**Q** 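Handing you a structure now.
None of these values were measured; they are calculated from a predicted model. Quick note on labels: first sequence line is chain A, next is B, and so on, each numbered from 1.
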Amino acid sequence: MELPEATNFIEQYINEDLASGKYEGRGNQIVVRFPPEPNGYLHIGHVKALCINFGVKEKYAGKINLRMDDTNPAKEDYEYVNSIIDAVKWLGFEYDNLFYASDYYDKLYEIAEKYIKDGNAYVCDLSAEEITATRGTLTEPGKESPYRNRSVEENLKLFREMKAGVYPDGAKVLRAKIDMSSPNLNMRDPVIYRIAHVPHYRQGDKWCIYPMYDFAHPVSDAIEGITHSLCSLEFENHRPLYDWVIEKAGFAQPVPRQIEFARLNITNTLMSKRYLKKLVDEGVVSGWDDPRMPTLMGLKNRGVPPMALRKFCAAVGVAKNYGVVNNAQLDECIRDELNVTAERAMAVTDPVKLTITNYSGEEELEFEKNPTDGSGATRPVKFSGSVYIDRSDFALVPPPKFKRLFKGGFVRLKAAYIVRCDEVKLGQNGEVEEILCTYFPETRSGSEVKSDIKAKGVIQWVDCKYGVDACFTSYAQLLNDEEYPDQDYAERLNYDSIKTCCGKVEPYAAESGEGKCFQMMRTGYYKVCAAKDGKAQLSEIVSLKDNFNK
RNA sequence: UGGGGUGUCGCCAAGCGGUAAGGCACGGGAUUUUGAUUCCCGCAUUCGUAGGUUCAAAUCCUGCCACCCCAGCCA
């Protein structure tokens with residue numbers, strides 16, 4: 001059979017498995033799954049697992065299930081399953097089936113009874129503390145439970161009573177009977193069922209015993225006919241148990257194979273659910289969808305295009321090395337995507353008035369919507385000869401290599417004319433108040449007439465007459481680990497992480513509709529938000545590269 | 001101190017016995033009505049380390065070192 005070229009070690013394994021012919025009876029179909037527990041919101045770390053799994057499905061024309069790994073009723077809720085589904089869809093991934101581990105509870109229970117009948121599981125009366133105490137240590141073997149050798153009949157009776165609700169939480173557990181002296185702690189008679197008189201968000205009060213991950217996960221994979229169960233590195237130690245569970249359950253070959261990969265880490269990006277929750281609970285952020293959060297809802301809210309996240313995962317690759325990707329790589333992927341998808345608009349965040357003394361009247365000029373998407377589409381932009389430019393685009397004393405405006409210098413007003421600064425009006429504190437310029441009609445943008453007048457730089461502007469008041473929000477970089485190793489993440493996020501300033505923006509951008517993304521020329525990529533207090537609101541997605549001052 | 005993993009450029013990451021891909025970052029240059037984009041060019045004689053096998057090793061063998069994971073009735 002024709003095998004696709006493997007681009008990472010997971011695909012190599014899949015190719016080997018395919019080549020071995022083990023899936024011939026199933027038409028060589030590869031089946032994978034993405035199994036989040038619905039106990040929280042998906043974040044950027046999950047995108048890697050998503051991309052890997054959906055990537056495999058795509059590459060091998062296989063199937064993929066979205067499976068809610070909901071075996072702990074105390075933590076799970078529909079709120080999370082809905083948010084997970086939304087996030088997966090937002091990323092543009094289409095799954096073949098939506099499954100719930102909780103739908104397998106009957107089957108799981110049946111297999112547990114089989115374990116008992118086969119002498120592979122027993123009901124243990126030890127308390128949680130006692131089980132911990134007898135588990136042994138890294139270097140010493142554990143001690144066998146005194147209940148380890150109960151008869152099949154007794155185990156069955158007890159287990160059925162557990163299910164019937166005869167015992168309180170913690171009174172008894174079902175344990176797999178494996179090897180208390182195994183060097184792998186996971187094999188020392190792990191608990192596979194616990195009693196929890198807690199209603200399940202989907203099953204209600206039907207159950208008071210719930211299967212543990214180590215039992216439910218492999219069985220769920222096997223039930224669904226998963227061929228490759230991809231998970232993160234910390235489950236490597238569980239693989240022998242994974243295989244044991246499936247083998248003793250008696251599933252027919254071929255059975256799923258677990259393959260582990262390194263999870264995603266990004267510098268200055270908090271990825272642990274626990275800390276993320278802390279930020280929400282302490283009110284450091286406005287919620288799970290705060291634009292500073294690395295949750296998919298947060299990223300979406302910030303204006304990050306889903307494709308940028310997928311490109312990022314592709315760039316990062318898949319391996320087993322523990323690594324931390326520099327967040328510059330993420331930023332670059334976001335820019336890369338926005339560069340071709342975002343329209344351009346002009347905005348000034350720190351306005352200074354520039355008046356052209358020899359211009360009168362007004363006109364409509366052509367402004368290219370996006371010079372990089374190849375469309376060449378333009379839109380009109382009104383010009384009245386009196387504009388706001390950004391304070392940083394003018395210098396009283398131009399630094400070396402300065403390409404923008406200074407007294408006596410020339411600069412092009414983007415899409416308009418080249419102007420020369422003749423005079424500068426200063427305020428009481430010496431700050432620039434107004435810049436007076438002369439414009440040159442023959443330098444009109446797109447003009448056929450050749451002009452000898454040249455300008456080294458091009459700056460953006462917003463017309464005084466038509467410009468709209470705007471509020472710009474930007475999210476500062478978190479303090480980095482090297483400089484502030486002891487700083488708490490919550491503090492880092494809190495520290496000046498939102499900055500706002502008021503300026504002017506073109507009406508085109510202000511009226512373009514909430515959610516639209518623009519590159520505000522040299523100031524960065526921004527998302528349009530709902531107007532507030534009569535002002536247009538623009539929030540930064542990612543800053544633009546700026547090589548000046550390097 | 002048991003077991004399971006991992007160590008290739010500042011950061012990710014290919015490589016699978018035949019003489020170090022790529023991306024990010026960085027440096028230089030060209031084009032540009034965004035100091036953006038685009039486009040060139042440069043960027044590990046060396047693969048944790050010490051030995052060994054081989055005509056030939058990042059790739060095979062051995063020892064050592066470093067880091068990560070495992071003692072939830074969480075997933």
**Q** So if I define the base as every atom that isn't primed, P, OP1 or OP2, how would nucleotides 34-42 of chain B read as a B/S/- string at a heavy-atom cutoff under 4.0 Å?
**A** BBSS-----
**Q** Hey, can you pull the residues of residues 68-76 of chain A with a non-hydrogen atom under 4.0 angstrom from RNA chain B?
**A**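 Heavy-atom cutoff 4.0 Å gives A:Asp69, A:Thr71, A:Asn72, A:Lys75.
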**Q** Looking at A:Thr132, I'd like to know whether one of its side-chain N or O atoms comes within less than 4.0 Å of OP1 or OP2 on B:G72.
**A** yes
**Q** Hey, are A:Asp169 and A:Arg194 close enough for a salt bridge, meaning a charged N less than 4.0 Å from a carboxylate O?
**A** no
**Q** How close or far is atom C1' of B:A75 from atom CZ of A:Phe34, stated in whole angstroms?
**A**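 In whole Å, B:A75 C1' and A:Phe34 CZ are 12 Å from each other.
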**Q** Between B:A21 and B:U6, how far apart are the P atoms? Round to whole Å, please.
**A**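 The answer is 24 Å between these two P atoms.
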**Q** Could you tell me the separation between the CD1 atom of A:Ile266 and the C1' atom of B:C12, rounded to a whole number of Å?
**A** 11 Å
**Q** Which nucleotide, if any, forms a Watson-Crick or G-U wobble pair with B:G10, using both distances under 3.5 Å?
**A** B:C24
**Q** For A:Glu234 and B:C70, what is the distance between atoms CD and P respectively, to the nearest whole Å?
**A**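 Those two atoms, CD and P, are 8 Å apart.
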**Q** Would you give a per-nucleotide map of nucleotides 4-10 of chain B, 5' to 3', where B means the base has a protein non-hydrogen atom under 4.0 Å away, S means only the sugar-phosphate does, and - means neither?
**A** SSSS---
**Q** Taking B:G23 as the reference, what is the distance to B:C61 when you measure between their C1' atoms (whole Å, please)?
**A** 34 Å
**Q** Do A:Tyr201 and A:Glu79 have side-chain N/O donor and acceptor atoms under 3.5 Å apart?
**A**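 There is no such pair between these side chains.
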**Q** Does the side chain of A:Arg188 get closer than 4.0 angstrom to OP1 or OP2 of B:C70 through an N or O atom?
**A** no
**Q** Using the side-chain heavy atoms of A:Val316, tell me which of these nucleotides is nearest: B:G2, B:G23, B:C12.
**A**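 Nearest to the side chain of A:Val316 among the choices is B:C12.
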